[in-house]
Amino acid sequence: MEDAFRPSTDLDDPPNSRLFLVTSKSITEDMIREQFSLYGEIQDVWVVKDKQTKESKGVSFVKFTKSSEACTAMEEMHGKCLVEGTKPIKVFIAQARSSGSHRDVEDEELTRIFVMIPKTFTEDDLKDTFKEYGDIEYCIIVKNKTTGESKGLGYVRYHKPSQAATAIENCEKTYRAILAEPRNKTPAPDNDYFSPARAEHVQGDPGMTSYPFVDSGFHTRGDMRGTDIITRCLMMSSRASVTQDQVYSLFDLIPGMDYCEMQQDSYGFSTGQAMIRYNNLGSAVYAKNKLDGFEYPPGNRLVVTHVDDGQDRRSPVGRMAMQLVAAQMMSIVCNAPSAPPLRKTSAGYPPPAVPQSPRVQTDVALPPLQKLAPSDSRVKERLFVVFKPLPLPMDVLEDVFCRFGSLVEVFLVPGRNVGYMKYAERKSADDAMATLHEGHRTRDDLSDMTSNMTEPT
DNA sequence: CGACGGGACGC
DNA sequence: CGACGGGACGC
């Protein structure tokens, strides 16, 4: 309220650019200015004095233009004597005026930054990116506890506040670096499917209700309770002979299949077993749930089990999350316009034999995979993409749209069936549109996708 | 122990 | 037909 009277005179802008000094009462503004101006552009020096006596209270404030300057001055000047024979001064980052607190701001709160990074970043990548601003104590990437995937967020702890401040001021804007909140408070988890409040929210979200828990012609096997282990790796056993291609096609109906191989005996005959791996737990859980007990060919019940590959472990929360992911997978499969009519009671054999093919199948020939452009690339062109009936998963879109080169990012507008493919090169966007635009349909539900050009952000 | 002034209105 | 975001850590 009181701040509203002086909106344009925020003394703590940018944050942490003001110092709080405790000095001998004999220290004057000029002495402070003389010493502290070595570290940056000083906007203001204020020695607090008694209203009546005009004597210094031994407290001063020094406002710098930048937080990094203030931090450096603090680090260099704390504990120094400004004048021979006076007591050593104490220097802290001043509490924001609006905070009301007079607690010392500790280095702990000033040395750790929080950044948004590409999901492909390893901790070493993170370190390499941010070490130019100072010695790093450690780097941490926030990962999904269940799948181990990066959430695209990271923490970098520096040794000194000035290093963290310099990183925040000078790193690429795409990292959106800010000071990290201290670790103990506001622990609002984000992928907490276990929380009742969150579950209600998901149900009430218009963007999510389009992923109904409908059942299809797939066999649905009981439950996931009990002692099943949850992994991305599946073993399929069949008594009747099935070919590699049949198994591949069957399991490839679920997005995210990384690997599928029939086991063979020493004579080259099928053992009736196949190993299948997905790139995410949700797909594997879904595949097991739907294909375990499925009759293929009719009368032959397949047995599908998770295989402990030593990577994924069961957990109640993970299981809960997997159910939701599985529901989305189901919807995607159900909505596939040209997916084979896979029904337990269906007469014909399901999927036609498909030789080793990319896990994303489209009606048009796709170029090979290409690396993404660096996430901080300037976006030269964006494609506006409309999905009917539903958007594909992010990773599938990335797989398709990266093939034209220089893809920077896939962005889906939440709750709407539209999104943007951001490219660093105009030609890549043009090529993608030429290949995928209108009339071309992917084998999944990327149908009726249209694109047009808009101005880059 | 050691925490919040002074100045002052635009094109 | 449609249209422009997002942030948190196993003690």
TODO: Evaluate salt bridge (charged side-chain N to carboxylate O under 4.0 Å, His left out) for A:E109 paired with A:R103, printing each intermediate quantity in order.
DONE: CA-CA 12 Å; A:E109 306 164 56; A:R103 196 191 92 250; 2.7 Å; yes
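- One atom, CZ of A:F114, and another, P of C:dG6, lie 14 Å apart when rounded to the nearest Å.
- With A:L436 as the fixed residue, the side-chain contact (heavy atoms from CB on, under 4.5 Å) test singles out one of A:V385, A:L366, A:D431: A:L366.
- Here C:dC9 presents its C1' atom at 9 Å from NZ of A:K151, a figure rounded to the nearest Å.
- Heavy atoms of A:K57 sit under 4.0 angstrom from primed sugar atoms or phosphate atoms, though from no base atom.
- With hydrogens and angles left out, the side chain of A:K49 and the base of B:dG5 share no donor-acceptor pair within 3.5 Å.
- Residue-to-nucleotide proximity on DNA chain B shows that, of A:V45 and A:T23, the 5′-proximal contact is made by A:T23.
- Of the residues in residues 130-141 of chain A, not one comes within less than 4.0 Å of DNA chain B through any heavy atom.
- Residue A:R97 places a side-chain atom within donor-acceptor reach of the base of B:dC4, judged by atom type and a 3.5 Å distance cut-off alone.
- We find that CD of A:Q43 is positioned 19 Å from P of B:dG7, with the value rounded to whole Å.
- Under the stacking definition used here (centres under 5.5 Å, planes under 30°), the residue A:W46 fails to qualify as stacked on the base of B:dG6.
- Annotation: side chain to side chain contact (heavy atoms under 4.5 Å, CB included) contacts of A:A180 (sequence neighbours excluded): A:R112, A:F114, A:Y155.
- Between the CD1 atom of A:I178 and the P atom of C:dA8 there is a distance of 10 Å, given to the nearest Å.
- With centres under 5.5 Å and a plane angle under 30°, the ring of A:F384 is stacked against the base of C:dA3.
- A donor N or O paired with an acceptor N or O is found under 3.5 Å between the base of B:dC4 and the side-chain atoms of A:R18.
- Residue A:F20 and nucleotide B:dA3 are classified as a stacked aromatic pair, their ring centres being separated by less than 5.5 Å at an interplanar angle below 30°.
- Within the 4.0 Å cut-off from OP1 or OP2 of C:dG7, not a single side-chain nitrogen or oxygen of A:R176 is found.
- Residue A:R183 places at least one side-chain N or O under 4.0 Å from the OP1 or OP2 atom of C:dC11.
- Nucleic acid contact class of A:K87 (heavy atoms, under 4.0 Å, all strands): sugar-phosphate only.
- Minimum heavy-atom separation, A:G256 to A:S283: CA-OG, 4.4 Å.
- Of the candidates C:dG5, B:dC4, C:dA8, the closest approach to any side-chain atom of A:K422 belongs to C:dG5.
- The base of C:dG5 lies close enough to the side chain of A:E409 for a donor and an acceptor atom to sit less than 3.5 Å apart.
- One interatomic measurement links the two molecules: CD1 of A:I117 to P of C:dC9, which rounds to 14 Å at whole-angstrom precision.
- Using a 4.0 Å heavy-atom criterion, one finds that A:L412 contacts no nucleic acid atom at all.
- Between the CZ atom of A:F61 and the C1' atom of B:dC4 there is a distance of 5 Å, rounded to whole Å.
- Closest approach to the A:K145 side chain among C:dG10, C:dA3, C:dC11 is made by C:dG10 (side chain taken as heavy atoms from C-beta onward).
- A straight line from CZ of A:R416 to P of C:dG2 spans 10 Å, rounded to a whole angstrom.
- With hydrogens and angles left out, the side chain of A:K119 and the base of C:dG6 share no donor-acceptor pair within 3.5 Å.
- Taking the ring pair (Phe, Tyr, Trp, His ring centres under 6.0 Å) definition, one finds that A:Y175 meets it with A:F130, sequence neighbours left out.
- Within 6.0 Å of CD in A:E169 there are more than 12 heavy atoms belonging to other residues, nucleotides or ligands.
- DNA chain C is contacted by A:Y155 of residues 155-175 of chain A, taking any non-hydrogen atom closer than 4.0 Å.
- The side chain of A:L153 lies closest to C:dA8, out of C:dA8, B:dG5, C:dG6.
- Applying the ring pair (Phe, Tyr, Trp, His ring centres under 6.0 Å) criterion to A:F20, with sequence neighbours excluded, gives A:F61.
- Heavy-atom minimum distance, A:V22 versus A:K87: CG1-NZ, 4.4 Å.
- For the salt bridge (charged side-chain N to carboxylate O under 4.0 Å, His left out) condition, the pairs that include at least one residue of residues 22-41 of chain A, sequence neighbours left out, are A:E29-A:R33.
- If you take NZ of A:K25 and P of B:dG2, they are 5 Å apart, rounded to a whole angstrom.
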